[in-house]
Colleague: 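Once you've had a glance at the structure underneath, I'll fire off some questions.
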Amino acid sequence: MDTEQKQAEYIDYFVMKASNFNGSALADVVAEATSHPSLFAFSEILSVPNVLELEGTSNAILLDLLRMFAHGTWSEYKCIASRLPPLVPDQILKLKKLTVLTLAETNKVLPYDALMKELDISNVRELEDFLINDCMCLGIVRGKLDQLQRCFEVHFAAGRDLRPGQLGSMIQTLANWLSISDNLLISIREKLKWADTMSEVDRKHRKDVEERVEDVKKTLSHKLRTVSRPTCSTEGTKRSFLNTVE
Amino acid sequence: MLKPFPSIFRQITEAAKGLGLEENMASSSSSGLTFKLHPLVIVNISDHYTRIKSQSLPPPSTPHAASASNGATSDSSSPPPQPPPRVFGCVIGVQRGRTVEIFNSFELLYDPSTHSLDRAFLEKKQELYKKVFPNFYILGWYSTGSDAQESDMQIHRDLMDINESPLYVLLNPSINPAQKDLPVTIYESELHVIDGIPQLIFVQSSYTIETVEAERISIDHVAHLKPSDGGSAATQLAAHLTGIHSAIKMLNSRIRVLHHYLLAMQKGDIPCENSLLREVSSLLRRLPAIESEKFQDDFLMEYNDTLLISYLAMFTNCSSTMNELVDKFNTAYDRHSRRGGRSAFI
């Protein structure tokens with residue numbers, strides 16, 4: 001996908017940088033990564049050993065910040081804002097964009113009210129500007145804005161980094177999808193068989209009817225030959241015989 | 001709608017191929033030309049072959065059989081199963097720089113005695129096509145069969161004076177249900193030194209299919225033509241359902257691949273590749289594909305309309321049949337127009 005390809009080089013760049021630095025020097029790297037306008041994937045950086053070493057040290061807040069950007073939303077950030085380093089406006093914007101992605105995970109139709117609440121945006125105009133300029137132009141989200149019903153229909157949203165438990169649920173979804181399509185295939189095959197058998201039955205029925213018509217005609221022609229009648233009713237016989245034959 | 005699918009699938013199959021699971025390819029061409037094939041050419045070749053084959057099949061007593069087929073004509077006394085006749089023709093198109101685009105093709109007669117194509121006809125056709133398509137040049141020739149043969153090199157050499165490096169497009173008409181790619185191969189000729197002697201041999205080249213919207217629509221239409229007598233309702237339903245069935249089957253197999261891949265990743269057999277996982281998660285988020293209330297309403301309305309119409313049609317059918325029956329009954333047992341007391345039938 002395009003988003004992934006666009007990010008690939010940035011991811012490589014940051015992973016390289018992260019592996020070169022250590023400890024508090026990583027603060028710069030983290031700050032740069034989180035405010036970079038085109039980078040939305042942080043799990044690769046999170047798996048660099050130097051970064052993981054930060055766990056438990058005084059710079060653990062850097063790790064938490066990275067994790068927040070990888071999995072969290074704006075409202076989660078507000079809850080624990082005191083523990084994390086302050087964010088510059090770039091980072092705030094990015095976190096809001098990531099929030100939109102997370103919201104798009106659960107619902108396909110996002111009402112404006114929910115979006116405004118989650119993103120702390122007060123009026124519709126600002127919300128729409130944010131969605132259009134910052135999300136759709138970047139290509140991370142694609143969808144339709146419905147102003148009359150005040151909702152945002154999401155057609156496509158780029159993926160965020162996976163939470164550890166998400167892999168299991170994704171596998172489950174795929175398994176469901178598979179079983180549904182299998183069942184569909186089976187029911188299509190049955191419909192095909194049904195169509196075939198019904199047309200067979202229909203043909204046989206038609207043949208039977210025609211055979212019976214033939215038999216009746218033969219018996220009638222027998223009967224007529226054995227009957228001798230006065231002229232007037234013979235005419236009537238002939239006429240009615242002709243009618244039935246037609 | 002599921003546009004992210006093909007790219008994920010391609011990535012996974014490439015990742016899964018890794019250890020030489022690819023099919024063995026013949027030595028590939030090194031000329032650096034990219035080939036673009038239009039589907040019209042493929043349909044033309046297949047149509048030519050089908051026509052010739054069906055014309056040569058009827059009993060040899062008909063005079064048309066012998067004249068229409070190429071090469072293998074059957075004897076009047078024996079109808080043995082023949083090797084399928086080979087058809088030949090020319091492909092034309094444009095070459096811009098390193099890209100060769102094959103647009104169209106036309107048929108040629110093959111003269112088995114001199115092992116060459118009918119030159120005068122080719123030049124006449126070339127002139128005609130030049131008038132309509134001034135940009136198109138003769139790029140090469142085509143034939144049917146399963147493999148390139150030695151005799152083909154002769155034809156290839158003959159064409160070298162029109163185009164210094166002609167192409168040979170080969171269509172394999174045998175239907176192989178297990179095969180996934182198109183049975184079309186494009187060969188180029190290269191001078192290789194074998195046993196100290198420089199020889200021209202065929203080398204396979206890869207190609208892509210390229211089309212414009214108008215061509216795609218018309219070829220799609222031609223490909224979906226149903227048998228001309230329409231068939232009964234059952235055959236039409238069967239044809240439609242079979243199409244849907246094969247499409248869903250393909251989707252099914254790709255989802256299965258994804259499923260296996262994720263399972264393997266979960267078990268740890270494959271290192272986690274985050275970008276792929278992200279793409280898969282974005283794909284899964286698009287399910288369920290359509291589930292708004294409005295869709296349900298429209299869908300149910302259309303469903304009800306269809307049922308209603310078929311009910312009405314059935315009604316009309318029944319009432320007309322009933323009408324006919326009543327008429328026949330009346331004429332058969334008509335008590336007013338006969339004289340005498342008894343009915344016409346004993």
Side-chain angles (χ1 to χ4, degrees), chain A residues 1 3-5 7-8 11 40-41 43-44 47 101 104-106 108-109 153-162 166-171 173-178 181-182 184-185 188-189 191-192 195-196 198-200 202-203 220 223 227 229-230 232-233 235-237 239-241 243-244, chain B residues 1 3-4 7-8 11 231-238 241-242 244-245 248-249 251-253 255-256 258-263 265-266 272-292 327-328 331-334 337-346:
Chain A
M1 271 311 293
T3 349
E4 288 302 323
Q5 283 160 355
Q7 289 186 79
I11 296 177
F40 297 98
S43 36
E44 280 92 348
S47 43
L101 283 181
E105 243 176 75
T106 38
K108 290 190 79 174
V109 175
E153 294 174 8
V154 182
H155 292 188
F156 159 76
R160 280 197 78 178
D161 295 310
L162 288 185
Q166 252 182 313
L167 187 57
S169 61
M170 285 206 319
I171 294 183
T173 318
L174 273 179
N176 284 345
W177 198 2
L178 258 183
S181 64
D182 280 334
L184 191 60
L185 282 177
I188 291 183
R189 264 183 284 230
K191 269 272 174 255
L192 276 173
D196 280 337
M198 288 313 281
S199 75
E200 261 307 311
D202 190 56
R203 246 177 357 108
L220 281 181
K223 280 194 190 154
V227 161
R229 297 179 125 264
C232 47
S233 37
E235 269 178 12
T237 320
R239 214 180 335 126
S240 41
F241 181 65
N243 276 339
T244 39
Chain B
M1 203 178 2
K3 271 193 241 150
S7 66
I8 301 179
Q11 272 181 285
S232 60
T235 46
Q236 285 184 333
L237 178 66
L241 282 182
T242 326
I244 298 185
H245 179 88
I248 297 184
K249 202 155 125 186
L251 180 68
N252 199 351
S253 65
I255 301 175
R256 206 179 294 272
L258 269 182
H259 184 69
H260 279 168
Y261 187 66
L262 284 191
L263 274 175
M265 219 189 249
Q266 190 182 45
C272 276
E273 200 178 319
N274 282 303
S275 66
L276 260 175
L277 284 176
R278 280 194 291 269
E279 286 189 33
V280 174
S281 82
S282 100
L283 174 69
L284 289 179
R285 256 183 263 166
R286 296 178 74 163
L287 301 172
I290 300 185
E291 204 175 281
S292 67
D327 283 342
K328 286 186 189 166
T331 35
Y333 291 95
D334 200 347
S337 60
R338 56 150 188 87
R339 288 162 235 150
R342 293 165 53 183
S343 79
F345 297 111
I346 308 165

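In the text below, chain A, chain B and the rest are named by the order of the sequence lines, each starting its count at 1.
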Colleague: Taking all heavy atoms of Q266(B) and all of I171(A), pick out the closest pair and write down the distance.
Modeller: OE1-CD1, 3.5 Å
Colleague: Rounded to the nearest 0.5 Å, what separation is found between the CE atom of M170(A) and the CG atom of L263(B)?
Modeller: 11.0 Å
Colleague: Please name all residues satisfying side-chain hydrogen bond (donor to acceptor under 3.5 Å, both in side chains) with S181(A), sequence neighbours left out, ordered by chain then number.
Modeller: N252(B)
Colleague: Check A195(A) against L237(B) and note the closest heavy-atom contact, atom names and distance.
Modeller: CB-CD2, 3.7 Å
Colleague: How far apart are the C-alpha atoms of R256(B) and D182(A), what are their side-chain angles, what is the distance that settles it, and do they pass the side-chain contact (heavy atoms from CB on, under 4.5 Å) test?
Modeller: CA-CA 11 Å; R256(B) 206 179 294 272; D182(A) 280 334; 3.3 Å; yes
Colleague: Quick check for you: to the nearest 0.5 Å, what is the distance between L167(A) atom CG and L262(B) atom CG?
Modeller: 6.0 Å
Colleague: Using non-hydrogen atoms only, which part of L178(A) is less than 4.5 Å away from chain B: side chain, backbone, both, or neither?
Modeller: both
Colleague: Tell me, out of I188(A), V109(A), T173(A), D196(A), who's got the most heavy-atom pairs with chain B below 4.5 Å.
Modeller: I188(A)
Colleague: With sequence neighbours left out, write down each residue that passes side-chain hydrogen bond (donor to acceptor under 3.5 Å, both in side chains) with D202(A), or none if nothing qualifies.
Modeller: R206(A)
Colleague: Rounded at 0.5 Å granularity, tell me how far CG in L283(B) sits from CH2 in W177(A).
Modeller: 5.0 Å
Colleague: Looking only at heavy atoms, what is the nearest atom pair of H259(B) and A175(A), with distance?
Modeller: CE1-CB, 3.5 Å
